[in-house]
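Worksheet for the structure shown next.
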Amino acid sequence: MIEVPPPYRSFASDNVAGAHPAVLEAVIAANEGSAAAYGDDPYTAECEARFEALFGRPVTVRLTFNGTGANVMAFAAMLGALRGPVHAVVCTEWSHAHMDEAGAPERILGAKLIDLPSADARLRPEDLDAVASLRSGPHHAPPGIVTITQPTELGTLYVPDEIAALCARAHELGLLVHLDGARIANAVAALGGDASALRAQTSEAGVDVMSFGGTKNGALGAEAVVVFTPELATGIDHVRKQVTQLASKTRFLAAQFNALLDDDRWIALGGHANRMAARLHELTHDIPGVRLDGPPQVNSLFPCLAPHMIEPLREWSFHWEWDSSRGQVRWMTAWDTTDDDLERFAAGVRAAAMALPHDDPA
Ligand SMILES: Cc1ncc(COP(=O)(O)O)c(C=O)c1O
């Protein structure tokens, strides 16, 4: 039993957080009167203009309800443009598309996912060489797309030059590049904190299409597919409908992004979540029974805990086990995490550690 009060907010994920008040206000404001359906409305036009200003160049933006839908829609647009036999999507073994989408890309698109091993959830240019040889012969699904996640599912980051090198190699091999940016705000906040940091790791690095996250950043539920390579936008409206992501009341998705993109709020919120994770690291890294690597790069920590701590702590304030063979769990901060939440959570970790003589995780 942990005798200290649990934090108000959960550290289970960043999508357990509510919506930012500015997003709610924008949705309420967009509720005024009627607006054309299916994206032909002023809120969506404003949203598209905001994305173009952010990237400083023409882009095609289509809004979706969720991140799985954004990824599936992005792959569908890219696979459609490849126009060959069934193409495969190369990813890491940690990728959300592979681990956490219930096989949606395979089921909806008929595409095979090739999940490459990666200790830090990142791909390197040389990883692509191994799959390039799979292109020949009628027995194999030829790779057509590489998808990377920024920041990754393990809280690691690519620097822009690494993405550029990966894109260059992929393009040499005839592969298109997708970037899953469900938490792109956290990556941008960590790598410069402005629009140029966004461009450097996406459009200027050679990414063809990205999924741009809003939900974890403070939206009620809104994501965007941003297409940088114009040929891949051909037919995108049909693709979005076919993968069931066309919202009749698109204005409400657009209003959410308009609030997030206004005055770089999205970057400020991502930066706040990152700082909260750094502070949580400071508060917990030297507690006996907690083994943490260096400070986090973005908004997640993956501590290994002494065995006696894990269940009491998870019962007291739920969070996910990550690798039970190592006693590893995930703690994640969000745009709304407060100092008080951190203090309470750290007090619980300390109490769990002291419940029995500590057993340092191997
Ligand atoms: C890396 C990544 N991509 C995409 C998503 C989007 O998932 P959802 O379909 O739940 O919005 C998530 C959510 O956890 C994620 O972590």
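Here, residue 1 is the first one in the sequence, and each next residue gets the next number. We count ligands from 1, going down the list as the structure has it; atoms in each ligand are counted the same way.
- Distance alone, capped at 3.5 Å, is enough to place a donor-acceptor pair between the Arg344 side chain and the Pro6 backbone.
- You'll find the side chain of Leu157 stays beyond 4.5 Å of the side chain of Glu162, heavy atoms only.
- Against a heavy-atom cut-off of under 4.0 Å, Arg183 is close to the following atoms of ligand 1: 16 (O).
- Centroid-to-centroid, the aromatic rings of Phe212 and Trp266 come within less than 6.0 Å.
- For atom 7 (O) of ligand 1, the nearest protein heavy atom (residue, atom name, distance) is His96 CE1, 3.3 Å.
- Using a 4.0 Å cutoff on heavy atoms, Lys216 counts as a contact of ligand 1.
- Contact atoms of ligand 1 toward Glu153: 1 (C) (distance under 4.0 Å to a heavy atom of the residue).
- Taking the centre of each ring, Trp316 and Phe318 stay at or above the 6.0 Å mark.
- In this structure, Phe55 has its ring center closer than 6.0 angstrom to the ring center of Phe228.
- A distance-only check finds no donor-acceptor pair linking the side chain of Thr149 to the backbone of Pro151 [under 3.5 Å].
- At least one heavy atom of Asp180 sits closer than 4.0 Å to an atom of ligand 1.
- Aromatic ring centres of Phe345 and Trp331 lie closer together than 6.0 Å.
- Atoms of ligand 1 lying under 4.0 Å from at least one heavy atom of Thr149, given by number and element, are 1 (C).
- At least one N or O atom of Thr68, backbone or side chain, sits closer than 3.5 Å to an N or O atom of ligand 1.
- Considering backbone and side-chain atoms together, Gly69 places no N or O closer than 3.5 Å to any N or O of ligand 1.
- Closest to atom 6 (C) of ligand 1 among all protein heavy atoms lies Gly67 CA, 3.4 Å.
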